[in-house]
Every structure is written in C-alpha cells, then in structure tokens.
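As the structure lists them, so they are numbered: ligands from 1, and atoms in each ligand from 1.
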Amino acid sequence: MNIVNARLRGREGLFHIALDGSQIAAISEQPAMVSASAGDLDAANNLVVAPFVEPHIHLDATLTAGEPAWNMSGTLFEGIERWAERKALVTHEDTKTRAKKTIDMLVDHGIQHVRTHVDVTDPTLAALKAMIEVREETRHLIDLQIVAFPQEGIESYAGGRTLMEQAVALGADVVGGIPHFENTRDQGVSSIKFLMDLAERTGCLVDVHCDETDDPQSRFLEVLAEEARVRGMGERVTASHTTAMGSYDNAYCSKLFRLLKQSKINFISCPTESIHLQGRFDNYPKRRGLTRVAEIDRAGMNICFGQDSIVDPWYPLGNGNILRVLEAGLHICHMLGYEDLKRSLDLITDNSARTLHLGERYGVEVGRPANLLILSAPDDYEMIRTQGYALVSVRNGEVLMRRTPAQIERA
Ligand code: 17E
Ligand code: FE2
C-alpha cells in the first residue's frame, strides 16, 4: 500500500510513502499532486504523522464516574476516596470491559501507543491481572505499557512495597509512585528510593505521580530527579503532573531547573485534568494548578501532554481525543505564540514517544513500523485552528480506523 500527496512535519513539499507489509519501505518527494491508484490512500495535501501517543491514562478507573458516588468537591483527594469505594467493587471482567471500551475510544482518535497507570494498592491485584490480559488482547490496536501505580501509597498502605514488587513480577513495564500522598515527607522520600531501586533492579521504566498538588512545599521532584541523575537513569524516568511547580517561587525553581536538566528526566502534564482538580483550595486570584510547561520546554527538556482520565472519579468528561487536551493545554499554558503553534503536535507525538522510550519503533522513517495517521490539515497550526482530527489510522500497514468528516451545506 502507498500513501500519496502527503505533507510531512518539518519538511517542504509533497511526499509518496510506500508501505511494505508492516514496514515503511520508502519515502520519496512528489513533484506534484497525483491521483491515487486503487488500494492507495490519498492524504490530499494533509499531514501524515506517526500515531498519537497517550502517555498518561488510568484505564483501570475509566468509565466509573458516579459509581457509587460522584466527586462533589472536585479535588484530587476526594477522587482518591471515591475511587477507593469503587475499587472495592472491581472485578476482572469489569476492568477488562471498561479498559477495552476506552481503548476503542483512543483508537478512534488516532492513538496507538498508551501508557496506563494501574492501581496496585489492592491485596488481590485484580485490576493489574486484568490489564495484563488486556495488553495481550489489544496488541492489534495499541502498544500498551502498564505502570504499577500505588494510588494509596507505597509506605502508607499496608503491604505497599510487596504489592509493588508483585506487580513487577507479574509483568508491569513501569514502576510508579505517589510521594505527595504518603503520610509524611520522610515516607515520600523513602518511597522514591524504594521505587528507583526496584526499577534499577528489574530494568523497568519509571513514571511517578509527583507533586500533584498546589502545595509549594511539596518538593519530591528534586528527590526523584537527583535519584535519576545519580543512577544515570534520567531518560528512563518520568515525572507526571508536578503541578506544585506552578506554585514554587522563582528563586527555588531556578535552582531546581539546573538539577532537572542534569537529570535528563521527562515530564508529562495533563492540562484538562489539572485545571479541573487543582486550584480547589484557592479563593481569588485562583491558581491554574499546572506545572511550568512552556518553561520546561524552553529549557530544552522533554515534556508531553496526557488525558489522565475519561469519566472517572477525578474527571467527569473525556472522549479519547488527545487533540482536545492539546488545544486546552496550549491555551492554559500561554502557548499560542506562533513558534509554539507551528510545532504543537510534538506535545502529543514525538515528545511523548521519547517519554515512553519507543525509540525506533516510532516515527515516519524508512524501516520503522507502518503505523501512521493521515490528519485533516496540512500543518500543526491548521490542525489546532480548525480543531482537526485523525482521518485515517494505519497500523502494521493496514487501515485500523477511517473517519468520515461531517459535511456542511450552505443555503
Ligand atoms: N490518581 C491520582 O493520584 N491522580 C490522578 N490525576 C488520577 C488518579 C486520575
Ligand atoms: Fe494520573
């Protein structure tokens, strides 16, 4: 199969992309628009990109909002309380059904790579066992990374350390953490040392829910970054949320950035989630409750956007569309300048792939997997301005999803 009349990010002109089975076989310049032959896909002067990435979602909790009760305060902490009630009702099949429904929503929006956190603060590890089956059963749709995520703490939850070790032994790909939720600062610090040891010993990646609070005293990011720096693990380590950084003063942040750069760790921000959950203890002026996305990016560090939730105790909306999160994030983070707009898709493609450590399994380049999207606009700027979408998703050289856009008729 070939894709003709394609625009590529960062390159001038039109391109012809030849797919050979499940690989990209050739990319050649096209002097002019051509008509597509039978069996080929016509990008019609629109972008062809590698699939969108969902680097941060909780597939074990999706589609549970209101069961048994709604989060009335809108805080992270009530979300954790409500989820603990729902968690008591979790079964193997319930988890698999909801996760697969959600994966279909992600696939409908051009996502083919997903990192999901799965709550392992459950003595039965029911959700984790279910998600390990889902990872196998949905391989034709997505590549799934599973994070062993200790929602109620590693040190503060009975048996927390053992549950983390068991989750990795059962097949989790990534070690998680939640230091700002541990009972004490010391426990937060020791939880990070524990999880970094576990990752180093087992070869897992690391992705920590880190400082997801407006509390400027929540300073576990420096601990995570220093552990990563000393062990030389930074490129394998991600700090998710880091919303407290939005409340740090500039003097501390300027010192912190030196360490962050040296550490080489990755960052994930979930802008729709954080604008909803944070700022809840403020009167006016009200904080936005996000990390310093633009500043992290400007400093040359790697940052990407995630959805976090779809209809769960933390966030009642969401439909799988990461472009919606990108648009919101660009607004919330003061990133509507031309320089940001024209490379905005980095935040849901290349930067995210780097965070997930996808390496040569990702990208529109000869020899890489034939996983591609045809988008509805010719460049990043127009994708955002027109609220564009993925029109076609190709996986292993075959069409996985095709969208027919709505038609407008003017009188
Ligand atoms: N758990 C958590 O600690 N933080 C979140 N944002 C979600 C779950 C969705
Ligand atoms: Fe999260």
Are side-chain heavy atoms of [X] and [Y] found at a separation under 4.5 Å?
X	Y	answer
F267	T242	yes
C204	V168	yes
L345	L375	yes

Heavy atom of F149 under 4.0 Å from ligand 1? yes
Quick one: does NZ or CZ of R219 land under 6.0 Å from the six-membered ring centre of Y248, within 45 degrees of the ring axis? yes
Assess K286 against Y284: is NZ or CZ under 6.0 Å from the centre of the six-membered ring, and within 45 degrees of the ring's axis? yes
Counting only nitrogen or oxygen atoms and a 3.5 angstrom limit, does Q151 reach ligand 1? yes
Carboxylate-amine/guanidinium contact [X] [Y], below 4.0 Å:
X	Y	value
R343	D379	no
K342	E339	yes
E67	R82	no

Closest to atom 4 (N) of ligand 1 (heavy atoms only, candidates H58, Q307, H56, E212) is E212
Metal site the Fe ion (ligand 2), protein N/O/S atoms found under 2.8 Å: 4
For ligand 1, which atoms have a heavy atom of [X] less than 4.0 angstrom away?
X	result
I178	3 (O)
L76	2 (C), 3 (O), 4 (N), 5 (C)
S309	9 (C)

Part of H117 with heavy atoms under 4.0 Å of ligand 1, whether side chain, backbone, both or neither: neither
Between F52 and the options N321, I111, L326, L106, the side chain to side chain contact (heavy atoms under 4.5 Å, CB included) test singles out I111
